[in-house]
Amino acid sequence: MRFSQFPLNTLKEVPADAEIVSHQLMLRAGLIRKLASGLYNWMPLGVRVLHKVERIIREEMNRAGALELLMPAVQPAELWQESGRWQQYGPELLRVNDRHQREFCVGPTHEEVITDIARRELRSYRQLPVNYYQIQTKFRDEIRPRFGVMRSREFIMKDAYSFHLNQESMAETYQVMHDTYSRIFTRLGLEFRAVQADSGNIGGSESQEFHVLADSGEDAIAFSDGDAYAANVEVAPAKGPVDPRPAPTSELEKVATPEVRSIDQLCAFLKIGPQQCLKTLLVEGQDGNLVALALRGDHQLSATKAEKIPGVASPLCMATPERVLEVAGCEPGFIGPVGLACSLIVDYSAANMANFVCGGNEKDAHMTGVNWERDIAEPQVADLREVVEGDPSPSGTGTLHIARGIEVGHIFQLGRKYSEAMGAKVVDEQGHEVEMYMGCYGIGVTRVVAAAIEQNNDDKGIIWPDAIAPFQVILIPMNPAKSQRVREESERLYREFTEAGLEVLLDDRDARPGVKFADAELIGIPHRIVIGERGLDAGKLEYRHRRSETNEDVAMEKIVQFIMDRTTRD
RNA sequence: CGGGGCAUGGCGCAGUCUGGUAGCGCAUCUGCUUUGGGAGCAGAGGGUCGGCGGUUCGAAUCCGUCUGCCCCGACCA
């Protein structure tokens with residue numbers, strides 16, 4: 001490709017609404033352009049990257065025996081009503097009517113459609129197991145799209161669905177997909193981790209997420225330093241303290257705490273640590289009454305854990321200030337469990353506190369010297385909090401560390417949730433009809449591109465991993481307009497590289513060297529070759545890898561082989 | 001959906017408080033010079049100041065309203 005024939009507007013300035021580095025660089029390098037909130041055009045340079053990611057995914061899925069198909073983006077409401085998700089799925093599901101007022105949705109995922117395919121096509125256990133996949137556009141009407149294509153409303157996903165006679169077969173394919181995903185992300189050149197996860201509203205039991213490690217990641221993941229244990233902090237079990245609860249030593253006392261609402265303010269006001277404070281959160285219960293959840297001041301509530309507790313509404317819903325006033329008699333910020341007239345569930349760590357501080361259930365008041373059993377009835381305990389750095393590993397070996405990650409893949413063992421709801425059955429060896437077991441496996445293709453940049457960049461721009469670079473090599477002729485030699489050599493090299501099967505970008509623009517260097521670095525081409533009079537006199541070319549700070553001279557006749565040796569061929 | 005903010009040429013912004021000539025940098029086009037790290041000079045094009053309504057002799061500026069976008073909280077590939 002010649003740069004002169006490739007309209008690419010790189011930006012020097014950072015667009016104002018781009019917050020994270022991958023979003024900024026994707027805009028600056030001209031990979032994407034925004035059309036509307038959560039909707040992006042993929043420009044030619046970006047599509048080259050996207051297609052490379054897709055190719056690797058296809059190759060590995062095919063290698064794993066999965067079968068590619070393609071389902072419509074628009075799906076009839078009837079299927080979603082059958083599975084029950086027409087009601088369950090909130091406004092995130094984009095619903096549309098056709099000209100006959102029939103209801104449809106733009107698919108956020110394809111369990112319903114694939115299960116419909118399976119119940120029509122699969123008759124016998126002899127046809128199982130089967131694993132179908134597609135690479136296709138999804139739409140989720142996110143409340144708050146952000147970070148460019150990292151969390152957009154329309155995005156491209158590789159989704160796969162497997163069907164099985166029994167649980168063992170499902171578990172087997174799940175493992176195959178786990179290994180396949182590991183191969184895919186390895187080939188993509190990403191640093192990643194597979195972690196235990198919540199299955200969310202897709203349903204099912206066993207589930208793991210694949211995270212690309214990056215400080216800007218929206219998820220926190222916990223991993224043990226003692227063994228291979230790794231989990232999303234939402235689900236990693238937090239063990240209770242092993243030591244018995246200390247005995248009460250202080251008297252219960254109400255203290256005036258004017259305008260002290262947060263744990264931080266309380267600690268500053270009373271000159272204590274957050275682990276001596278108890279925070280009480282009121283959430284909606286299943287029966288219309290509020291439920292109080294209590295945690296130690298330095299811990300965070302895990303919404304995922306909380307909404308699984310019987311009696312707590314799912315999805316989790318914090319009580320409104322009006323409801324808080326009704327039940328606790330005060331505004332949020334002063335709630336405490338002493339004399340609170342609703343059911344109370346306490347985190348293990350919080351239940352082990354003694355002589356602690358909590359809200360006084362009246363404005364500008366807190367209680368100090370509070371103790372369970374003596375001042376409040378022995379509470380119901382549960383695991384409510386997110387694990388923190390230094391917690392013991394749930395695996396029993398090592399302690400947990402926290403890292404941030406971007407979720408790029410998720411695999412589930414669904415079981416029979418959809419096959420039962422939609423009657424997807426096959427005949428087994430005994431001639432009986434049985435519902436099939438299902439697994440499902442997703443990769444956010446567009447998100448992978450953003451995650452790769454998030455993990456591979458510097459102050460000059462993107463640094464593409466070889467496997468997904470839009471071009472492998474960039475040729476930069478110095479002042480071609482002035483030097484016929486430089487022009488001819490560049491053209492010759494361009495032909496040779498092309499014939500050798502390498503993807504090469506020739507910067508034949510009549511631009512100053514600085515402009516070309518800056519663009520080459522911004523768009524992140526891994527291998528750069530400079531052709532200038534200076535080197536040609538000595539029969540040499542200048543080579544520099546995008547990650548390197550220095551040039552390397554390479555003899556003209558060896559350059560193609562030199563690059564071939566340095567590019568990933570697969 | 002709740003809270004906060006923004007909307008002025010393709011991009012980044014000033015001007016709004018205190019009403020009166022739309023301005024700067026980048027980008028684009030032309031010419032000349034320049035050419036190993038985002039060039040210099042000279043010139044040019046491009047904006048109904050988000051929409052609608054109001055106040056006023058006069059509105060980017062004041063008032064009302066609508067729309068769009070961004071940021072902070074509950075989701076997920």
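Computed from a predicted structure; not experimentally measured.
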Query raised in the report: Hey, does A/D219 reach any base, or is it just sugar-phosphate, or nothing, if we go heavy atoms under 4.0 Å?
Result: base
Report task. Please state the P separation for the pair B/rG50 and B/rA42 - nearest whole angstrom. Result -> 32 Å
Report task. Quote, to the nearest angstrom, the C1' distance that separates B/rC63 from B/rU55. Result -> 7 Å
Where do N or O atoms of nucleotides 40-42 of chain B meet protein N or O atoms at under 3.5 Å, pair by pair?
none

**Report entry** Ring-face cation contact, A/W80 with A/R95, 6.0 Å cut, 45° max
**Finding:** no
Query raised in the report: Does B/rG73 have a Watson-Crick or wobble partner in any strand here, with both distances under 3.5 angstrom, and which is it?
Result: B/rC1
Query - Residue pair A/L522, A/K460: steps toward the side chain to side chain contact (heavy atoms under 4.5 Å, CB included) verdict - result: CA-CA 6 Å; A/L522 176 59; A/K460 298 196 186 93; over 6 Å; no
Query raised in the report: Distance between the P atoms of B/rG5 and B/rG9, in whole angstroms?
Result: 23 Å
Query raised in the report: What is the pairing partner of B/rG58, taking Watson-Crick or G-U wobble pairs with both distances under 3.5 Å in any strand?
Result: none
Query raised in the report: Do A/F210 and A/F185 make the cut of ring centroids closer than 6.0 angstrom?
Result: yes
Query raised in the report: What does B/rG25 pair with, Watson-Crick or G-U, if both distances are under 3.5 Å?
Result: B/rC11
Query raised in the report: What is the distance from CG of A/L188 to P of B/rA77, rounded to the nearest Å?
Result: 18 Å
Query raised in the report: Between A/F562 and A/Y543, does the ring centroid distance fall short of 6.0 Å?
Result: yes
Query raised in the report: Partners of A/S152 by side chain to side chain donor-acceptor pair (under 3.5 Å), sequence neighbours excluded?
Result: none
Report summary line: Of A/R546, A/R528, A/R547, A/R28, the one forming a salt bridge (Lys or Arg N to Asp or Glu O under 4.0 Å) with A/E521 is A/R528
Query raised in the report: In whole Å, what is the span from the CZ atom of A/R404 to the C1' atom of B/rC76?
Result: 15 Å
Query raised in the report: When rounded to the nearest Å, what value does the distance between C1' atoms of B/rC41 and B/rA22 take?
Result: 26 Å
Query raised in the report: Does the cation-pi check pass for A/R140 over A/F155, that is, NZ or CZ under 6.0 Å from the six-membered ring centre and within 45° of its axis?
Result: no
Query raised in the report: Contact class for A/R28 vs. all strands (heavy atom < 4.0 Å): base, sugar-phosphate, or nothing?
Result: base
Query raised in the report: For the pair made of CD in A/E234 and C1' in B/rC75, what is the distance, rounded to whole Å?
Result: 9 Å
Query raised in the report: Between A/F139 and A/R153, is there a cation-pi geometry (under 6.0 Å to ring centre, at most 45° from the normal)?
Result: no
Query raised in the report: With A/A66, which residues qualify under side-chain contact (heavy atoms from CB on, under 4.5 Å), at least two apart?
Result: A/M61, A/N131, A/Y133
Requested in this report: Give the C-alpha distance, both sets of side-chain angles, the deciding distance and a yes or no for side chain to side chain contact (heavy atoms under 4.5 Å, CB included) between A/R33 and A/W42.
Outcome: CA-CA 7 Å; A/R33 295 287 181 232; A/W42 282 81; over 6 Å; no
Query - Over 12 foreign heavy atoms within 6.0 Å of CD, A/Q484 - result: no
Query raised in the report: Is there a Watson-Crick or G-U wobble partner for B/rA39 with both distances under 3.5 Å, and which nucleotide is it?
Result: B/rU33
Requested in this report: Assign A/T304 to base, sugar-phosphate, or nothing according to its heavy-atom contacts below 4.0 angstrom with the strands shown.
Outcome: nothing
**Report entry** Whole-Å P distance, B/rU30 and B/rC70
**Finding:** 35 Å
Query raised in the report: Taking CG from A/D459 and P from B/rG38, how many angstroms apart are they, rounded to a whole number?
Result: 15 Å
Query raised in the report: With the sugar-phosphate defined as primed atoms, P, OP1 and OP2, and the base as all remaining atoms, what B/S/- string results for nucleotides 25-37 of chain B, 5' to 3', for protein heavy atoms under 4.0 Å?
Result: BSS------BBBB
Requested in this report: Using both distances under 3.5 Å as the test, list the Watson-Crick or G-U wobble partner of B/rG19, or none.
Outcome: none
**Report entry** For atom CZ of A/R151 and atom C1' of B/rC75, their distance in whole Å
**Finding:** 6 Å
Query - Distance between P atoms of B/rG19 and B/rG15 (Å, rounded) - result: 15 Å
Query - C1' spacing across the pair B/rC75 / B/rC11, given as an integer number of angstrom - result: 32 Å
Query raised in the report: Does A/E533 pair with A/K482 as a salt bridge, N-O distance under 4.0 Å?
Result: no
Report summary line: Paired to B/rU65 by Watson-Crick or G-U wobble criteria (both distances under 3.5 Å) is B/rG51
**Report entry** Atom-to-atom span, CD1 of A/I156 to C1' of B/rA77 - whole angstrom
**Finding:** 12 Å
Requested in this report: Provide the distance between the two P atoms, one in B/rA27 and one in B/rG73, to the nearest whole Å.
Outcome: 37 Å
Query - Residues which pass side-chain contact (heavy atoms from CB on, under 4.5 Å) with A/A469, listed by chain and number, not counting sequence neighbours - result: A/W464, A/P526
Requested in this report: Go through A/H23 and A/R146 one step at a time and tell me if the side chain to side chain contact (heavy atoms under 4.5 Å, CB included) criterion holds.
Outcome: CA-CA 9 Å; A/H23 188 195; A/R146 63 189 137 167; over 6 Å; no
Query raised in the report: Starting at CD of A/Q208 and ending at P of B/rA77, how long is that distance when rounded to a whole Å?
Result: 14 Å
Report task. Quickly work out the A/M157 CE to B/rC76 C1' distance and round it to whole Å. Result -> 10 Å
Could you write out each protein N or O paired with an N or O of nucleotides 66-74 of chain B at a distance under 3.5 Å?
residue : atom : partner : partner atom : Å
B/rC69  : OP1  : A/S37   : N            : 3.3
B/rC69  : O3'  : A/K34   : NZ           : 2.9
B/rC70  : OP1  : A/K34   : NZ           : 3.3
B/rC70  : OP2  : A/S37   : OG           : 3.1
B/rC72  : OP2  : A/R144  : NH1          : 2.5
B/rC72  : OP2  : A/R144  : NH2          : 2.5

